[in-house]
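Structure, as structure tokens:
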Amino acid sequence: MKFPHLRQDFAASLVVFLVALPLCVGVAVASGVPAELGLITGIVGGLVTGLMRGSSLQVSGPAAGLTVLVFEAVREFGLPALGALVLVAGVLQLAMGTLGLGRWFRAISVSVVEGMLAGIGLVLIAGQMYAATGREAPASGLGKLAGLPSMLIETVGDTTALTSLALGAVTVSVMVLWKRTPKKVQVVPGALAAVALATLATLALNLPVATVEVQGLLGAIQPPGLDAFGEMVSVSALGTVLAFTLIASAESLFSAAAVDRLHDGPRTQYDKELMAQGAGNAVCGALGALPMTAVIVRSSANVQAGARTKASRVLHGVWLLLFAALLPSALALIPLPALAGILVHAGWKLIPLRAIRALWREHRGEALILVVTAVSIVTVNMFEGVLIGLALSVAKTAWAASHIELEVVDKGAGPLQVYLSGNATFLRLPKILDSLEKLPQDRPIGLDLSGLHHLDHACRTALENWASRHSDSETESVTMTGARMTKAMAE
């Protein structure tokens, strides 16, 4: 039999389709682009990325994690330039996969990635609160958060806005409570159920809320023109491309690692998965659609639904294509507050509250990196916030790696014996010199450096200067041993 797992994959593909449909539309609307572009990215994620090698059960499409960045890019460069940004990012991913850089994304600090997602989640929640009331959100993340109290006060006195907010709140409530329903009911994904109930309530009660604007699948496709690629030379555009590339790649490969823990099938080939993501983003860019990443919500749903091969994710792309082609008018019935509720729920799930508590108990330095990364994204912007987090992570690692121990052995007679062990770098130089300068100057000292794993140039020079000062005519001499070996290490 050519397709031995077709029945399992077919059933799983329907589940993934039902999970992906409201998320594709919701992410597109929250990103400030036509709803159809989210569906296009989901279709490409199934039909293009889904066919390629890498991670067999991982599902790709538009992700809440890139919503804030896409919204900022569209606001700054315009919708016609979005395709060029995504296309160039896809080409970079293809190049990185070809060069074998996919595995290196596993070296990125988990705290930085979780801090990135937490910052995105906070900005996403704040922005969708405005969308739920039918108001336009401030441009900056800090402005969104700061303006929430006044926005809520204004909403209380506006019946239309209050109705819209209530519908969004009910949507979130349905999604939260859906896990407590009987297992047979949970066959329908919570997001789809919440949107369907909100849509029925809007139609039945004739609620005065905004709904999705529809322009048709073909009408939404906007291939980037040559003028759009001309903007790629600006520093701002290049920063956005790098942010797309790094964030989408990291999120996809971290998701792949998580999905591998959910099943016993073939493991992810990281470089090939990165190339698959790059090919998908290149096609999305050529169509003027949203960037894609592998999405853990859809991927875990795929595994839990019993998928066995990549056929399930390819078929989910087919179902998205058929829906977009045959039932586009159904999108126009979906109330925007319901989509805002879905994104608020998705944003909340991006904030790793349990991880923060666990890190604070066991690794406070990592918890600090997570929090600073999240706060930086909210107060500055996405790209610079991630760079700040990475810089903190590197600095913490360098500090931890420069562990040094200084032991003084005094046998009562003869020279003091001082042993240095560990890694002597400029980061620990003040501690080393403080300890050495406290030693008595009226006794000879033997400084043993053979226990050092690493001695950088700054430390070596400082030790030689200290020994020279200590060995002048008024003090006893210093004898350094192990210097030949450490000199080679320093060089």
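Heavy-atom basis, side chains included; hydrogens, waters and symmetry copies ignored. Quick note: residue numbers are just sequence positions, from 1.
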Give a yes or no on this: more than 12 heavy atoms of other residues, nucleotides or ligands lie within 6.0 Å of atom [atom1] of [X].
| X | atom1 | answer |
| --- | --- | --- |
| Leu327 | CG | yes |
| Arg53 | CZ | no |
| Gln215 | CD | yes |
| Trp178 | CH2 | yes |

Applying side chain to side chain contact (heavy atoms under 4.5 Å, CB included), can you list everything that pairs with [X], at least two apart in sequence or on another chain?
| X | result |
| --- | --- |
| Val371 | Val375 |
| Met52 | Ala276, Ala279 |
| Ala282 | Leu87 |
| Leu177 | Arg180 |

Should [X] and [Y] count as side-chain neighbours, where that means a heavy-atom distance under 4.5 Å?
| X | Y | answer |
| --- | --- | --- |
| Leu217 | Phe323 | no |
| Ile125 | Ile351 | yes |
| Pro34 | Leu79 | yes |
| Leu124 | Gln128 | yes |
| Arg135 | Thr155 | yes |
| Val318 | Leu47 | yes |

### Task
Dump the intermediate steps for side-chain contact (heavy atoms from CB on, under 4.5 Å) on Thr240 and Phe77, then the final yes or no.
CA-CA 10 Å; Thr240 301; Phe77 304 107; 3.5 Å; yes

Would the distance check show the side chain of [X] and the main-chain N or O of [Y] forming a donor-acceptor pair, the cut-off being under 3.5 Å?
| X | Y | answer |
| --- | --- | --- |
| Ser164 | Ala161 | no |
| Thr41 | Leu290 | yes |
| Thr379 | Leu142 | no |
| Gln58 | Ala256 | yes |
| Ser173 | Ala169 | yes |
| Asn281 | Pro291 | no |
| Thr163 | Thr159 | yes |

### Query
Side chains of Glu76 and Ser236: is there a donor and an acceptor less than 3.5 Å apart?
yes

### Query
Yes or no on side chain to side chain donor-acceptor pair (under 3.5 Å) for Gln277 and Ser60, after CA distance, side-chain angles and deciding distance?
CA-CA 8 Å; Gln277 295 295 322; Ser60 300; 2.8 Å; yes

Restricting to non-hydrogen atoms, name the atom on [X] and the atom on [Y] that form the minimum distance, rounded to 0.1 Å.
| X | Y | result |
| --- | --- | --- |
| Leu85 | Ala237 | CD2-O, 3.9 Å |
| Arg298 | Ala20 | CD-CB, 3.6 Å |
| Val112 | Gly389 | CG2-O, 3.4 Å |
| Thr202 | Ala198 | OG1-O, 2.8 Å |
| Tyr130 | Gly143 | OH-O, 3.8 Å |
| Leu359 | Ala367 | CB-CB, 3.7 Å |

To the nearest 0.5 Å, what is the distance between [atom1] ([X]) and [atom2] ([Y])?
| X | Y | atom1 | atom2 | result |
| --- | --- | --- | --- | --- |
| Thr171 | Ile342 | OG1 | CD1 | 7.0 Å |
| Leu253 | Thr268 | CG | OG1 | 8.5 Å |
| Leu162 | Leu152 | CG | CG | 10.0 Å |
| Leu336 | Leu167 | CG | CG | 10.0 Å |
| Leu69 | Ile377 | CG | CD1 | 10.0 Å |
| Glu366 | Leu392 | CD | CG | 10.5 Å |

### Query
Can you list every pair that meets side-chain hydrogen bond (donor to acceptor under 3.5 Å, both in side chains) and has a residue in residues 303-324, with sequence neighbours left out?
Asp9-Thr309, Ser13-Trp319, Asn302-Ser312

### Task
Start with the C-alpha distance between Ile40 and Leu37, add both sets of side-chain angles, then the distance that settles side-chain contact (heavy atoms from CB on, under 4.5 Å), and finish with yes or no.
CA-CA 5 Å; Ile40 291 172; Leu37 293 183; 3.9 Å; yes

### Query
Given the rule in the side-chain contact (heavy atoms from CB on, under 4.5 Å) test, do Arg357 and Leu353 qualify, once you have shown the distances and angles that lead to the verdict?
CA-CA 6 Å; Arg357 287 195 293 267; Leu353 295 177; 4.1 Å; yes

### Query
Which residues satisfy the salt bridge (charged side-chain N to carboxylate O under 4.0 Å, His left out) test with Glu384, sequence neighbours excluded?
none

#### Entry: Passing candidate, side chain to side chain contact (heavy atoms under 4.5 Å, CB included) with Val44, options Val283, Leu39, Leu320
Val283

### Query
Knowing that exactly one of Val386, Ile388, Leu387 qualifies, which makes a side chain to side chain contact (heavy atoms under 4.5 Å, CB included) with Ser376?
Ile388

#### Entry: Stepwise side chain to side chain donor-acceptor pair (under 3.5 Å) test for Ser55 and Glu273
CA-CA 6 Å; Ser55 176; Glu273 177 63 18; 4.9 Å; no

#### Entry: Chi angles and distances behind the side-chain contact (heavy atoms from CB on, under 4.5 Å) call for Thr293, Ser255
CA-CA 9 Å; Thr293 72; Ser255 172; over 6 Å; no

